[in-house]
Amino acid sequence: MDKAYEKQHDEKWQKFWDEKRLGVPEVAHALHPQPLKETFALLMPPPNVTGVLHQGHALMLALEDTLTRWNRMCGLETLYLPGTDHASIAVQMQVVKHLASKGIDHRSLGREGFLKECWSWINDYRPRIYGQVRSIGTNCDWERVKFTMDPELNKGVTHAFVELHKRGLIYRAEKLVNWSPVGQTVLSDLEVIFKEQKGHIWHLRYPLVDDPKKFLIVATTRPETMLGDVAVAVHPDDERYKALIGKKIRLPIIDREIPVIADTFVDPAFGSGAVKITPAHDFNDFEVGERHSLARPNIFTPDAKIVPNLAGKAAGWAGLDRFVAREKVVEEFKNLGLLERIEDHVNRIGTSERWGEVVEPYLSHQWFLKMDTMAKRAAEAVSTKRIEIVPHEFHNQFMRWMENIHDWCISRQLWWGQQIPAYHCRKTGKTVVSETPPASSQDHDWVQDPDVLDTWFSSGLWPLTTLGWPNVKAEDLKKFYPTSVLETGFDILFFWVARMVMMCMEFVDEVPFKKVYMHPMVRDEHGQKMSKSKGNVIDPLEIMNDFGADTLRLTLNALCVQGRDLKLSNERLDFYRAFINKIWNATRFALMKSEGSIDRSWMKRPAKPTHLHDRWILARLDEAARDLSKAWGEFRMQEAVDTLYHFIWSDFCDWYLECAKATREESDNTVKFVLGEILKMMHPLCPHATEELWHGMPGIKFEESLLVQKFPEGLGFPDSEALAEFKFFQDIVGQIRTLKAESKVAPSKAIRIWIKDAGPLSKKVIESTRDTLISMARLGDLSWGDAPAGSASTRLPVTAVEAGKSIEIVVPVSELKDLAEECDRLRKELASVEKLATSQASKLDNKNFVDRAPPEVIDKEKIKLEEYRDKAAKLSSTLKELEAQVKG
RNA sequence: GCUCGCUUAGCUCAGUUGGUUAGAGCGCUUCGUUGACAUCGAAGAGGUCACUAGUUCGAAUCUAGUAGCGAGUACCA
């Protein structure tokens, strides 16, 4: 066996699992020794088909694969379905850029030609992301892998669109939308990122038509839109302006007359109390325009430049950029003496998620999906716990969003993506929505709508289309829907999770998943977001190359707590690599003398071991297995790792194996049995290392994968007697070790001890563990009663097995090096025990406490007091004797 | 503005229905190779659980408020 584990076996086992088809639910299930009827299904959130694995993916895969393997080992028929997303905008941008680098304008290729380029680009990159997903050790079903643009998934998307249209939920309308002037496409509300920006409010004077020497002052952050003003609104009750309502003002520059109207949306306290109304370029104004039946002149081209044919002086501004036009408007007002003042102002400004430029409210024809009824149903599923969101904080966020939802704009002015199945007739202008083109399309009367669907439309159908929908009789759909868990990052709670809930429930009237687990954001060790520009990126591919996949998986799991960002660092990775190494070496030790053995008797749980430490480690195994399953069942990923860490490192290695060194032959089967169970428990986290170690266990054949072994379950009643007795054993060993360390006796010095005051139970435990006690505490000998007369001694009180009692370990002074040191140690301990006894006594003196606390609590406190007093008395008398000795 | 989190040892964090002396790892101090592991073992020091008030026999834990940090979200022109 190698001296340490790095990553030398990763690829070997990945190949092994694939060749044995262990990711295929049916295959793995058939191999399980105790298969259950239940299923566990988890759909991988599909990474972008041309993406590169980043730390967020790594976390997602590490958690999902851990949960999947655990469920599989527990005997459930388990589906973990991988796939990729066609990422409409992202891929189109990449291909456009790629073509540009070759000097090709993508538009010159035409739609068909461009799509051909997209497909070839994807076919080049798809294997890369799949390889990276595989390299972390994901045990998913590659035979069921899906891409959101696979023909059968496209069919599902088209069917969904047509069906939703039939139900009146999809409609086409001219509305004000979020427009990206750079991307030249509409964006959904979610794709707009609001950023705080320092800007100004310009107070502009609009001259009254009746009396051009008088003005109405409007306040605006976007002076350029005054070119599209159709009215000025004031609050109907605003005394300052009441008289002006119904009058007209004359717009400077374009020299047009517009009315002053009254609308309650105006806040008289803000700005000047008068608001210019530009229905085509502001969401509020649009609504005001609707209410007052105002025209909505558009002043921008799709790339946010001034349109031609504006009235007045603005006629010559055609083609001017919106921000240049802003300055020009202000300058013009200044020249006309109509600029009242400029005020500093911080406002939140919408920018496009993808390109970063300021988004323009823009009037255009788009396809929308009605949200209200779908959202109501989704909210109900969550509020009634048919879907449980973990961590719970996201529950409220989800509900809030569902309550304030607007219709979803699903069309995009792009080429790469699912083209909308709507056909417009050139002759009649009629539009038909249909899964197949109208028959007469051959004669070119019909033309398909050029827009594609928002990528998230197909993602929203992922739980359905991957399992065979719209064929409602599909095997997978019947078997695995609803899926068990959706695991993903909270950044796509609304983008994706909410849409899946709404769309899936609309079509099959059943939730798509029973639980949603949202993992935290991965950050660097200082809590900073990882970014290339900051240079703090920890690349998962590099980590796997340096440390191996298991270390990365284990570390990500170990740092994953709810409600806090995950801070990853090389230090942590080193730490968890050491943990894997610890298990590696424990196995090396356990198998030291079994090389070549094919004796499989260790696989059976030892029935009734004689040694206390053997009984104890089995009892602890049960506890650990129970804690572990509970932790994973509640998505407490860190707690699961902590449970294993403590059990394996402290209990198994530091205590159990050390004890077993004294009872090697008799403990051998227990050592191997527990080790085997440890490998099973660690397997979901560290599949490669554990699979390698498993195959080193005596008698395990090459084809036997750890992946389909039965996961340990905590037995109903752990051996509480063994737990309590071993605690007593540990206390004795601890006391002697402390004595040696504190009073400067070499740990290796085998001192003699006597034990007195032991009750029958305590005595029995000590007798039965005599050999291990001597070996663990490094004793010369252990006798009962007092040290021989004439030799002074120090005494260590230890809590006895019997409640409220303590025993005394007697160590003759001759065994000690420095009596003064020992006196100090005793004084310190006495002081602390006395303090405990005092506070305990006052607690029990409190009448309120004794009267009102439950009796079992009082009993517990009384036993404690007895024990403290007992120990204090013993310490005090020992100290007196020793002090006399020092003086004498 | 609103909503929701977070604040525990020098550092990173656990602490799941209120009840042992508030835990772990790292770091620090002292010591140590009995058959795996120095990526190791033993012992030790270190905390008025952000602050204030309340509920309770009893609060890190429950309630209210304050401060600092963070996230989500809104139509303030």
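Just so it is clear: chains get the letters A, B, ... in the order the sequence lines come, proteins before strands, and each one is counted from 1.
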Minimum-distance nucleotide to A:Y868 side chain [options: B:rU21, B:rA77, B:rA36]: B:rU21
Selection from B:rC13, B:rA77, B:rU39 that lies nearest to any side-chain heavy atom of A:A4: B:rU39
Sugar-phosphate, base or nothing in reach of A:D654, heavy atoms under 4.0 Å: sugar-phosphate
Exercise: do A:T643 and A:K630 side chains pair donor with acceptor under 3.5 Å: no
Donor-acceptor pair (no angle test) under 3.5 Å: A:Q735 side chain, B:rA43 base: no
Rounded distance (Å) that lies between atom C1' of B:rU20 and atom CD1 of A:I863: 12 Å
Non-hydrogen atoms of A:D282 and A:D285 that approach each other most closely: OD1-N, 3.1 Å
Proximity to the side chain of A:E393 - top-ranked nucleotide from B:rC4, B:rA77, B:rG15: B:rC4
Sugar-phosphate only, base, or nothing, as touched by A:K582 at under 4.0 Å among non-hydrogen atoms: base
Touch class at under 4.0 angstrom, heavy-atom based, for A:F283 against every strand present: nothing
Candidate nucleotides B:rC37, B:rC13, B:rC75, ranked by approach to the side chain of A:R588 - the nearest: B:rC37
Sugar-phosphate only, base, or nothing, as touched by A:E571 at under 4.0 Å among non-hydrogen atoms: sugar-phosphate
Contact under 4.0 Å: A:Y576 side-chain N or O vs B:rU39 OP1/OP2: no
Nucleotide of B:rU73, B:rG15, B:rA36 approaching A:E639 most closely (side-chain heavy atoms): B:rG15
Sugar-phosphate, base or nothing in reach of A:A578, heavy atoms under 4.0 Å: base
Nearest-angstrom distance, P atom, B:rG47 to B:rU39: 31 Å
Sugar-phosphate only, base, or nothing, as touched by A:Q840 at under 4.0 Å among non-hydrogen atoms: sugar-phosphate
Stacked cation flag A:K661 on A:F589, 6.0 angstrom / 45 deg: yes
Pairwise C1' distance, B:rA60 and B:rG23 [rounded to whole Å]: 12 Å
Sugar-phosphate, base or nothing in reach of A:H395, heavy atoms under 4.0 Å: nothing
Whole-Å distance separating the CZ atom of A:R348 from the C1' atom of B:rC76: 12 Å
Which nucleotide in B:rG19, B:rC37, B:rA36 has an atom nearest any side-chain atom of A:L657: B:rA36
Protein-nucleotide distance (A:E829, atom CD; B:rU21, atom C1'), rounded to Å: 12 Å
Atom C1', compared across B:rU61 and B:rA14: separation rounded to whole Å: 14 Å
Intermediate values then yes/no, side chain to side chain donor-acceptor pair (under 3.5 Å), A:S832 and A:E829: CA-CA 5 Å; A:S832 102; A:E829 197 174 342; over 6 Å; no
Whole-angstrom distance between B:rG46 and B:rU29, as gauged at atom P: 16 Å
Contact nearer the 5' end of RNA chain B, comparing A:V745 with A:W655: A:V745
Sugar-phosphate, base or nothing in reach of A:V850, heavy atoms under 4.0 Å: nothing
Touch class at under 4.0 angstrom, heavy-atom based, for A:D642 against every strand present: nothing
Distance in angstrom units between A:I648 CD1 and B:rA24 C1', rounded: 16 Å
Rounded interatomic separation in angstrom, taking NE2 from A:H526 and P from B:rC26: 20 Å
A:E856, CD: over 12 other non-hydrogen atoms inside 6.0 angstrom: yes
Candidate nucleotides B:rG19, B:rU21, B:rU73, ranked by approach to the side chain of A:R400 - the nearest: B:rU73
Under 3.5 Å on both distances, the Watson-Crick or G-U partner of B:rC40: B:rG32
Same-atom distance (C1') from B:rG19 to B:rC62, integer angstrom: 15 Å
Heavy-atom neighbours of A:K175 NZ exceed 12 at 6.0 Å: yes
Residue mapping more 5' on RNA chain B - nearest nucleotide basis, A:W401 or A:R778: A:R778
Complementary nucleotide for B:rG27 - Watson-Crick or wobble, under 3.5 Å: none
Residue-phosphate contact under 4.0 Å: A:H646 side-chain N/O, B:rG23 OP1/OP2: no
B:rC6: pairing nucleotide in any strand, Watson-Crick or G-U under 3.5 angstrom: B:rG68
Check: B:rA43 base within 3.5 Å donor-acceptor of A:K744 side chain: no
Gap between atoms CZ and C1', on A:F575 and B:rC26 respectively (whole Å): 8 Å
Residues, nucleotides or ligands: over 12 heavy atoms within 6.0 Å of A:K835 NZ: no
B:rC13 versus B:rU20 - spacing of their P atoms, nearest Å: 26 Å
Sugar-phosphate, base or nothing in reach of A:K3, heavy atoms under 4.0 Å: sugar-phosphate
Any-strand Watson-Crick or G-U partner of B:rG1, both distances under 3.5 Å: B:rU73
Sugar-phosphate, base or nothing in reach of A:E742, heavy atoms under 4.0 Å: sugar-phosphate
Short side-chain N/O contact from A:K835 to OP1 or OP2 of B:rU21, under 4.0 Å: no
Atom-pair distance (NZ on A:K843; C1' on B:rG58), nearest Å: 7 Å
A:E191 and A:S188 side chains, donor-acceptor separation under 3.5 Å: yes
Sugar-phosphate, base or nothing in reach of A:N347, heavy atoms under 4.0 Å: sugar-phosphate
Of the listed nucleotides B:rG19, B:rA43, B:rA77, the one nearest the side chain of A:K860: B:rG19
Distance, rounded to the nearest Å, where A:F394 contributes CZ and B:rA71 contributes C1': 8 Å
C1' spacing across the pair B:rU33 / B:rU48, given as an integer number of angstrom: 43 Å
Sugar-phosphate, base or nothing in reach of A:Q638, heavy atoms under 4.0 Å: sugar-phosphate
Sugar-phosphate only, base, or nothing, as touched by A:R564 at under 4.0 Å among non-hydrogen atoms: sugar-phosphate
Any A:W649 side-chain N or O less than 4.0 Å from OP1/OP2 of B:rG41: yes
Rounded C1' spacing from B:rG65 to B:rA22 in Å: 26 Å
Among B:rA36, B:rG19, B:rC4, the nucleotide that comes nearest once only the side chain of A:E658 is considered: B:rA36
Who pairs with B:rA53 - Watson-Crick or G-U, where each distance is under 3.5 Å: B:rU63
Audit row: A:E822, A:R825, salt bridge (Lys or Arg N to Asp or Glu O under 4.0 Å) steps and yes/no: CA-CA 5 Å; A:E822 175 59 8; A:R825 194 190 68 78; 3.0 Å; yes
